[in-house]
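Note that this is a predicted model, so its numbers are computed, not measured.
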Amino acid sequence: EVQLVESGGGLVQAGGSLRLSCAASGFTADEYAIGWFRQAPGKEREAVSYISSTDGSTEYADSVKGRFTISSDKVKNTVYLQMNRLKPEDTAVYYCAADSLQVLRIAIRVGVISPAHWGQGTQVTVSS
């Protein structure tokens with residue numbers, strides 16, 4: 001069973017930084033991807049970024065390009081989301097999610113598909 005556990009959320013002032021962590025376990029497939037999604041109150045869920053387990057390729061939503069960086073530590077089985085120059089509009093619950101690379105790629109490019117595995121979410125609040 002795939003398990004994803006997020007940590008690292010909190011309250012930060014605009015312009016500040018936070019790093020989210022997603023501890024992953026239970027994968028049986030050789031190829032998969034882990035991504036970050038977020039949902040603000042009253043808004044639809046948005047794909048933020050993903051990273052491939054095989055070649056480390058990444059993609060980002062336009063709203064976070066140049067400010068957020070996704071990375072992975074295969075020894076710790078953990079995926080990170082470094083968030084810099086945070087804005088009040090980044091305030092949301094951030095979720096870690098996993099599925100095949102194809103699913104994560106479609107999710108961030110088109111947004112009409114939901115990964116199979118999800119973490120419980122972590123709140124990020126950016127004050128102005």
Side-chain angles (χ1 to χ4, degrees):
E1 179 185 0
V2 174
Q3 291 191 330
L4 303 168
V5 180
E6 303 99 330
S7 61
L11 173 64
V12 64
Q13 288 189 330
S17 299
L18 278 176
R19 189 178 79 159
L20 305 182
S21 299
C22 173
S25 63
F27 290 99
T28 57
D30 291 332
E31 178 273 328
Y32 57 89
I34 296 178
W36 289 95
F37 293 69
R38 66 186 182 185
Q39 187 163 23
K43 294 188 176 181
E44 291 189 356
R45 188 174 61 203
E46 174 189 21
V48 175
S49 181
Y50 73 79
I51 185 166
S52 167
S53 68
T54 52
D55 62 5
S57 59
T58 62
E59 280 196 63
Y60 298 89
D62 288 342
S63 57
V64 305
K65 279 181 183 176
R67 299 188 299 122
F68 290 11
T69 303
I70 192 169
S71 62
S72 66
D73 183 329
K74 292 192 174 183
V75 174
K76 295 182 178 180
N77 291 323
T78 300
V79 170
Y80 303 98
L81 185 68
Q82 178 66 44
M83 305 185 294
N84 298 328
R85 304 201 317 269
L86 282 161
K87 305 175 182 180
E89 51 264 43
D90 294 318
T91 295
V93 178
Y94 283 70
Y95 298 91
C96 179
D99 208 312
S100 68
L101 176 59
Q102 182 179 21
V103 168
L104 272 290
R105 187 174 288 156
I106 293 172
I108 202 165
R109 295 180 183 181
V110 183
V112 296
I113 195 169
S114 179
H117 309 288
W118 292 86
Q120 81 285 356
T122 185
Q123 177 71 46
V124 171
T125 302
V126 184
S127 63
S128 57

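Linking Ile, Leu, Val, Met, Phe, Trp and Tyr whenever their side-chain heavy atoms come within less than 4.5 Å puts Val124 and Val48 in one cluster. Val2 and Phe37 are members of different hydrophobic clusters when ILVMFWY side chains are connected at heavy-atom separations under 4.5 Å. Taken together through direct or relayed side-chain contacts under 4.5 Å among Ile, Leu, Val, Met, Phe, Trp and Tyr, Leu104 and Leu81 form parts of separate hydrophobic clusters. Side-chain heavy atoms closer than 4.5 Å link hydrophobic residues (I, L, V, M, F, W, Y) into clusters, and following such links, even through other members, never connects Leu20 to Trp118.
A side-chain donor-acceptor contact under 3.5 Å links Ser49 to the backbone of Glu59. A side-chain donor-acceptor contact under 3.5 Å links Ser53 to the backbone of Tyr32. Asp73 places no side-chain N or O within donor-acceptor distance of the main-chain N or O of Thr78, the cut-off being under 3.5 Å. Under the 3.5 Å distance criterion, the side-chain polar atoms of Gln13 are left unmatched by any main-chain donor or acceptor of Ser127.
Other residues, nucleotides and ligands contribute over 12 non-hydrogen atoms within 6.0 Å of the CD atom of Gln120. For Gln102, the CD atom sits in a loose shell: 12 or fewer heavy atoms of surrounding residues, nucleotides or ligands are nearer than 6.0 Å.
Nearest heavy atoms, Ala33 versus Leu101: CB-CA, 3.8 Å. For the residue pair Ala47 and Ile108, the shortest heavy atom distance occurs at CB-CA, 3.7 Å. Between Asn84 and Gln82 the shortest heavy-atom distance is OD1-NE2, 2.9 Å. Taking each heavy atom of Leu4 and Cys96 in turn, the nearest pair found is CD1-O, 3.7 Å. Closest non-hydrogen pair, Leu18 versus Leu86, comes out as N-CD1, 3.8 Å. Closest non-hydrogen pair, Tyr60 versus Phe68, comes out as CE2-O, 3.3 Å.
Taking the side chain as every heavy atom from C-beta outward, Trp36 and Val79 approach each other to under 4.5 Å. The closest side-chain heavy-atom distance from Tyr50 to Pro115 is not below 4.5 Å.
Judged as a side-chain hydrogen bond (donor to acceptor under 3.5 Å, both in side chains), the pairs with a partner in residues 86-98 (not counting sequence neighbours) are, in order, Arg38-Asp90, Arg38-Tyr94, Arg67-Asp90.
Gln39 CD to Glu46 CD: the interatomic distance, rounded to the nearest 0.5 Å, is 10.5 Å.
Taking the salt bridge (charged side-chain N to carboxylate O under 4.0 Å, His left out) definition, one finds that Arg45 meets it with nothing, sequence neighbours left out.
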